[in-house]
Amino acid sequence: MLRLGVNIDHVATVRNARGSSYPDPVRAAKMAEEAGADGITAHLREDRRHILDADIDALMDHLSVPLNFEMAATDEMMAIALRHKPHAVCLVPEKREEKTTEGGLDVAREENKLAHFIAPLRDAGCRVSIFIAADRSQIEAANRIGAQVIELHTGAYCDFHAEGRFEERDAELARLTRMAGFAHSLGLEVHAGHGLTFDTVQPIAALPEVVELNIGHFLIAEAIFTGLTPAIREMRRLMDEARA
Ligand code: PXP
């Protein structure tokens, strides 16, 4: 079974654009649950540009499905994660100036620091995931430092598709395919996400080792036109069709 994690960050982006109390990301999360999301993902950024601390409090109180808490490997975020003990923590790189999470974590370079992060989170009962590019040395490093899960960054694959650079897209897809298999062979659980749309989801959903996709921006964008429930249902349908 391929799980769908719905990322509700950009509901908060719209809310924060006006400093209003709406749209409420928790309401979106509850709607996503009803539409078939298997989990909710939220990224509490250091600059709080979308999700706020109070949103995490409310999500922890109101969700019936697991929360995947995305965070940078900082002491501040570690304290917040240990206070809430969400089902899953996904460590992501973060740069203030970026529009979105542009690349994966350089686990190979930050091995010692990240190892110290993973141990307490695991001890607290969180499933720890690391967001990385489809790269053998990053996967090996993630495995060495005790991550249970890796999330493969599908952003480059999606960008190549959007730009019509189909040879490069197919090369990136081949790399994602090989590295999903490699990570699985090491005993890691494999997730994938970033930039996925109705047009790009199926080849990723078809990878047999991938057990979870995390999708946000496109679903929230599509919700403007069709509503959130139909957008999620269609994504779910495409995922199931690719898997079958
Ligand atoms: N997975 C991770 C680790 C992410 O950081 C993000 C973006 O916050 C996503 C998945 C979802 O990406 P998108 O919003 O482009 O669907």
Side-chain angles (χ1 to χ4, degrees), residues 2-14 16 25 28-29 32 37-51 55-56 59 66-74 77 81 86-96 98-107 114 126-134 138-139 142 147-162 176 180 183 188-202 204-205 210-224 228 231-232 234-236 238-239:
L2 178 60
R3 297 192 298 267
L4 170 60
V6 172
N7 180 316
I8 41 96
D9 291 351
H10 297 303
V11 178
T13 303
V14 175
N16 296 0
D38 303 291
I40 297 297
T41 295
H43 182 180
L44 184 65
R45 278 186 168 264
E46 195 188 7
D47 63 9
R48 308 301 198 269
R49 69 174 71 158
H50 38 59
I51 294 294
D55 295 325
I56 299 295
L59 287 167
L67 176 68
N68 176 31
F69 179 63
E70 284 184 13
M71 61 175 232
T74 65
M77 289 301 152
H87 165 80
V89 171
C90 182
L91 297 175
V92 301
E94 212 175 282
K95 293 192 217 102
R96 265 176 192 266
E98 71 189 356
K99 285 203 194 101
T100 180
T101 313
E102 280 164 7
L105 262 180
D106 192 347
V107 199
L114 290 171
C126 304
R127 227 169 141 63
V128 182
S129 160
I130 304 205
F131 190 44
I132 52 177
Q138 299 294 346
I139 294 168
Q148 295 134 303
V149 182
I150 56 152
E151 180 162 331
L152 292 173
H153 198 310
T154 53
Y157 153 77
C158 293
D159 287 347
F160 287 139
H161 178 85
L176 287 160
L188 289 162
E189 184 173 312
V190 184
H191 300 177
H194 208 280
L196 292 170
T197 65
F198 291 157
D199 288 341
T200 51
V201 74
Q202 288 201 310
I204 302 298
V210 173
V211 297
E212 180 175 309
L213 299 182
N214 284 300
I215 308 180
H217 184 248
F218 176 80
L219 288 174
I220 304 307
E222 194 61 14
I224 293 170
L228 188 56
I232 291 171
E234 175 61 5
M235 190 61 84
R236 180 80 254 175
L238 289 166
M239 287 165 58

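In each ligand, atom 1 is the first atom listed, and ligand 1 is the first ligand listed.
- Using a 4.0 Å cut-off between heavy atoms, His153 makes no contact with ligand 1 at all.
- Side chains of Thr41 and Asn68: a donor on one and an acceptor on the other come within 3.5 Å.
- At a threshold of 4.0 Å, the pair Asp47-Arg49 counts as salt-bridged, since one of the basic side-chain nitrogens sits closer than that to a carboxylate oxygen.
- Near Gly195, meaning under 4.0 Å from any of its heavy atoms, are these atoms of ligand 1: 12 (O), 13 (P), 15 (O), 16 (O).
- In this structure Ala134 satisfies the side chain to side chain contact (heavy atoms under 4.5 Å, CB included) test together with Leu152, Leu176, Met179, sequence neighbours excluded.
- Side-chain N or O atoms of Asp9 include one that pairs as donor or acceptor with a backbone N or O of His43 at under 3.5 Å.
- For ligand 1, the polar-atom distance check against Glu151 finds a nitrogen or oxygen pair separated by under 3.5 Å.
- Evaluation of the side chain to side chain contact (heavy atoms under 4.5 Å, CB included) rule for Val211 yields Arg3, Glu189, His191 as partners, not counting sequence neighbours.
- You'll find the side chain of Gln148 reaches within 4.5 Å of the side chain of Val128, heavy atoms only.
- Considering backbone and side-chain N/O of Cys90, none are found under 3.5 Å from N/O of ligand 1.
- Classified by interplanar angle (parallel below 30°, tilted 30° to 60°, perpendicular above 60°), the ring pair His153/Phe131 is parallel.
- Within the listing of ligand 1, atoms 3 (C) sit less than 4.0 angstrom from a heavy atom of Val92.
- Taken from CD1 in Ile220 to CD1 in Ile215, the straight-line distance is 11.0 Å, to the nearest 0.5 Å.
- For ligand 1 and Ile215, the ligand atoms under 4.0 Å from any heavy atom of the residue are 16 (O).
- The distance from ligand 1 to the heavy atoms of Gly216 drops below 4.0 Å at these ligand atoms: 13 (P), 14 (O), 16 (O).
- Contacts with ligand 1 closer than 4.0 Å are made by side-chain heavy atoms of Asn7 only, the backbone lying farther away.
- Here's the thing with Glu70: one of its N/O atoms is less than 3.5 angstrom from an N/O atom of ligand 1.
- Atoms of ligand 1 lying under 4.0 Å from any heavy atom of Asn214, numbered from 1 in the order shown and given with element: 10 (C), 11 (C).
- For ligand 1, the polar-atom distance check against His217 finds a nitrogen or oxygen pair separated by under 3.5 Å.
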